[in-house]
Novice: 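Starting off with a structure, shown below.
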Amino acid sequence: MGFPEEHVVKAVKENGEESADLILETLLTYSASPLALQSSPEEDQPPISIIKRESEEETDQSSSDYYENLLEDFSDADSLPEDEDTMTPLSDNDNKLLFLMDMGYDMDESSIAIERCGPDSSIDQLTDFISAAQLAKGSDHLYRDAEDEDKCQKKRKRLAYLSWKKKNQRPNKKICNGEDELMKLPKPMVGFGVPNQPYPAFQRTLPEDALGPLYFYYENVALAPKGVWNTISRYLYDIHPEFVDSKFFCACARKRGYIHNLPVGNRFRLLPIPAATIQDAFPLSKKWWPAWDTRTKLNCLKTTVASAKTTEKIRKALEDCDGDPPLVVQKYVMEECRKWNLVWIGKNRVATLEPDEFEVLLGFPKNHTRGGGSNRTDRFKSLGNSFQIDTVAYHLSVLKPLFPTGITVLSLFSGIGGAEVSLHRLNIPLKSVVSVEISQVNRNIVRSWWEQTNQRGCLIELEDVQLLSHERLEQLIHSVGGFDLVIGGSPCNNLAGCNRVSRDGLDGKESALFFDYWRILDSVKCIQKNRQKN
DNA sequence: GGTACTATGAATCCGTAC
DNA sequence: GTACGGATTCATAGTACC
């Protein structure tokens, strides 16, 4: 692309020499480059994490000199290859490939980006895609490994430029909403079908590159900030999420999105079927349950529970009433009960759930998280972050006839072993499980469960998904003979509605680890595909 | 130092009325 | 179509206590 000298002069004249940002913005508005600037900010949901991190790193240098150099570099890098002399006109994809390579990207990463983002993708989308991939792989090592320091500098500047550009984009609400409409949550939230509910009409066609033999299963909160599921879906082969509320499987709600490439026919439930209502799950509470508390299902079990002060305030509020409490008191009590999942344990007395009650509601063995250095707070946190076993097992049940002799699993963000427990409860033998979990306490829980259930297979425990490199994956695949299933739910901290502090979407520190899920899945597919060829 | 406890809204969806 | 209100939400950071 480059910026014509007259444009630069004009931009400097309009904005003064001091404001590099304004100069650059003005130059961009002048530019009529068909490729480099063709995309609108609303056309994609960029993997913002790379943008901010690089931004933090690079904006310290936001001097005129820096941007002058940056522009200078782009004068070279953004030039489209000229092919007027060639006999056959290059296709749009070829042009994009050459353009990306000219920007300093490798052929492989450029090709993958074009393939994944589709033929209509813009250069912006492609560079975003590659940038996210680089972040997921640990962008630092790209720089360390770069043989040519100039190339390395160029890459940093390019990313800084992208950062700057994204930060200065003006959101287009109309288009954003348009995207979200595509990811509308189903009502009722039954995904591709749940027991005892009418089967929803849906059409599921998996893209070719998403098909097995490697199966994958990804989970996260359904009610994520706008655009998050669009991004996740785009990275995971454009598969539409299956949004399911676990209230159709047990006595508590748990609205989650699942992206997977599993078959969806002939699913079956785990037995025994758990209690479907609060009253069935807590029979002793029936005696004290007031008629005006009409709840039959608990809300989502979260990572913390109400304080003793809350339940005491409720008791006092009710005891101050003669007979049935007035509507205003009922409303207050019900709000607190719904917010904190309180159950009735006596006259005018409500209580929080205990960790073992969390375990049973979520489908884990009672005392699954007890002991092993886990305190009460830890248990609530781990359980609140976990799968609902009956729901996940329903989805995974289709694997049972496919793997009668056992399955080899890569379990990412394992937590307290929701995936492993689900497969075990389905009586699918666990041949080998590579479990990656950052929390020592959670790893203890999984290891303890593994031993208690007399698993015959091999459990390999790893700590950090970010350290799970391509090379390490090759070793593991060689060691276990290949994975059949990659499963996991990446952290929701920055997506969850009750996070009042850092609900930053996939840009958040923890939730950005989704890109590691995608990176690892992609690596496994690639490695195993190559193994098949050889 | 470890653990338990407590205060802290906003984003989003959905139903309803107009 | 729009405005409004109700309902829901895999949490975080600071503080008190032992």
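Naming convention: chains lettered A, B, ... in sequence-line order (proteins, then strands); numbering from 1 in each chain.
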Novice: Name the nucleic acid region contacted by Arg256(A), choosing base, sugar-phosphate or nothing; use a 4.0 angstrom heavy-atom cut-off, strictly under.
Specialist: base
Novice: Please work out if Asn385(A) contacts a base, only the sugar-phosphate, or nothing of the nucleic acid, heavy-atom cut-off 4.0 Å.
Specialist: base
Novice: If we take the C1' atom in both dT9(C) and dT8(B), what is their distance in whole Å?
Specialist: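 Pairwise C1' distance, dT9(C) against dT8(B), rounds to 15 Å.
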Novice: Can you measure Asp504(A) atom CG to dT12(C) atom P for me and round it to whole angstrom units?
Specialist: 11 Å
Novice: If you pin Thr304(A) and Asn499(A) to their nearest nucleotides in DNA chain B, which one's is more 5'?
Specialist: Thr304(A)
Novice: Output yes when at least one side-chain N/O atom of Lys255(A) is less than 4.0 Å from OP1 or OP2 of dT9(C), else no.
Specialist: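 Answer is yes, contact under 4.0 Å.
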Novice: Checking Tyr217(A) now: which residues fulfil ring pair (Phe, Tyr, Trp, His ring centres under 6.0 Å) with it, not counting sequence neighbours?
Specialist: Tyr258(A), His260(A), His395(A)
Novice: Using the ring pair (Phe, Tyr, Trp, His ring centres under 6.0 Å) criterion, which residues pair with Phe282(A)? Sequence neighbours excluded.
Specialist: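 Per chain and number, Phe282(A) pairs via ring pair (Phe, Tyr, Trp, His ring centres under 6.0 Å) with no residue.
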Novice: Quick test of your reading: applying side-chain hydrogen bond (donor to acceptor under 3.5 Å, both in side chains), list the pairs with at least one residue in residues 316-328 of chain A, sequence neighbours left out, ordered by first then second residue.
Specialist: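 Counting only pairs at least two positions apart or across chains, the side-chain hydrogen bond (donor to acceptor under 3.5 Å, both in side chains) contacts touching residues 316-328 of chain A are Arg315(A)-Glu319(A).
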Novice: So does Asn299(A) get a side-chain nitrogen or oxygen closer than 4.0 Å to the phosphate oxygens (OP1/OP2) of dT9(C)?
Specialist: yes
Novice: Taking only heavy atoms on the protein side, list every residue of residues 242-249 of chain A lying under 4.0 Å from any atom of DNA chain B, sorted numerically.
Specialist: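 Under 4.0 Å from DNA chain B: no residue of residues 242-249 of chain A.
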Novice: Near DNA chain B, which residues from residues 372-383 of chain A have a heavy atom under 4.0 Å away?
Specialist: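 Asn375(A), Arg376(A), Thr377(A) - these, ordered by number, are the residues of the stretch whose heavy atoms sit under 4.0 Å from the strand.
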Novice: Mind checking if Leu495(A) touches a base, just sugar-phosphate, or nothing, with heavy atoms under 4.0 Å?
Specialist: nothing
Novice: For Phe216(A), check ring pair (Phe, Tyr, Trp, His ring centres under 6.0 Å) against everything at least two apart and list the hits.
Specialist: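 With neighbours one apart ignored, the set is Tyr237(A).
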Novice: Identify, between Arg503(A) and Asn494(A), the residue whose nearest nucleotide on DNA chain C lies closer to the 5' end.
Specialist: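 Going by which nucleotide is closer to the 5' end, it is Arg503(A).
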Novice: Pairing donors with acceptors under 3.5 angstrom, does anything connect the side chains of Gln279(A) and Thr296(A)?
Specialist: no
Novice: Which nucleotide, dT12(C), dT12(B), dC14(B), lies nearest any side-chain atom of Lys226(A)?
Specialist: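 Looking only at heavy atoms from C-beta outward on Lys226(A), the closest nucleotide is dT12(B).
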Novice: Angle between ring planes, Phe243(A) versus His240(A), binned at 30° and 60°: parallel, tilted or perpendicular?
Specialist: perpendicular
Novice: Which part of the nucleic acid, if any, lies within reach of Ser490(A) when heavy atoms closer than 4.0 Å are counted: base, sugar-phosphate only, or nothing?
Specialist: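 Base, at least one base heavy atom under 4.0 Å.
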Novice: Using the test side-chain contact (heavy atoms from CB on, under 4.5 Å), find all partners of Leu223(A) that sit at least two apart in sequence or belong to another chain.
Specialist: Leu185(A), Lys255(A)
Novice: What integer distance in Å separates Asn493(A):CG from dT9(C):P?
Specialist: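 Rounding to the nearest Å, CG of Asn493(A) and P of dT9(C) are 17 Å apart.
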Novice: List the residues meeting side-chain contact (heavy atoms from CB on, under 4.5 Å) with Lys339(A), not counting sequence neighbours, and say none if there are none.
Specialist: Glu336(A)
Novice: On the nucleotide dC10(C), are OP1 or OP2 found under 4.0 Å from the side-chain N or O atoms that Ser386(A) carries?
Specialist: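 No, no such contact exists.
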Novice: C1' atom, dT8(C) versus dG9(B): distance in rounded Å?
Specialist: 13 Å
Novice: From the set dA7(B), dT12(C), dG9(B), return the single nucleotide nearest to any side-chain atom of Arg500(A).
Specialist: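 The nucleotide sitting nearest to the side chain is dG9(B).
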Novice: Going by atom type alone, with no hydrogens or angles, which donor-acceptor pairs under 3.5 Å involve a side-chain atom of residues 348-357 of chain A and a protein atom two or more places apart or on another chain?
Specialist:
residue   : atom : partner   : partner atom : Å
Glu354(A) : OE1  : Arg376(A) : NH1          : 2.7
Glu357(A) : OE1  : Glu354(A) : N            : 2.8

Novice: Using a 4.0 Å heavy-atom cut-off, does Glu219(A) contact any base of the nucleic acid, only the sugar-phosphate backbone, or nothing at all?
Specialist: base
Novice: Per the side-chain hydrogen bond (donor to acceptor under 3.5 Å, both in side chains) rule, what does the pair list look like for residues 379-391 of chain A, sequence neighbours excluded?
Specialist: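 As it turns out, the side-chain hydrogen bond (donor to acceptor under 3.5 Å, both in side chains) pairs with a partner in residues 379-391 of chain A, which skip direct neighbours, are Ser246(A)-Thr391(A), Glu359(A)-Arg379(A), Thr369(A)-Arg379(A), Ser382(A)-Asn442(A), Gln388(A)-Asp390(A), Gln388(A)-Thr391(A).
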Novice: Give a yes-or-no answer on whether the side chains of Ser435(A) and Glu437(A) include a donor-acceptor pair shorter than 3.5 Å.
Specialist: no
Novice: Just jot down the ring pair (Phe, Tyr, Trp, His ring centres under 6.0 Å) partners of Trp292(A), sequence neighbours excluded, or say none.
Specialist: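 Testing Trp292(A) for ring pair (Phe, Tyr, Trp, His ring centres under 6.0 Å), a comparison that skips the adjacent residues, returns Trp344(A).
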Novice: List DNA chain C stems (3 or more consecutive Watson-Crick/G-U pairs, under 3.5 Å)?
Specialist: B:1-8 with C:11-18, B:10-18 with C:1-9
Novice: Find which nucleotide of DNA chain B each of Ala306(A) and Leu223(A) is nearest to by heavy atoms, and output the residue with the more 5' nucleotide.
Specialist: Ala306(A)
Novice: Do the side-chain N or O atoms of Arg254(A) get closer than 4.0 angstrom to the phosphate oxygens (OP1, OP2) of dC10(C)?
Specialist: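 Result: no.
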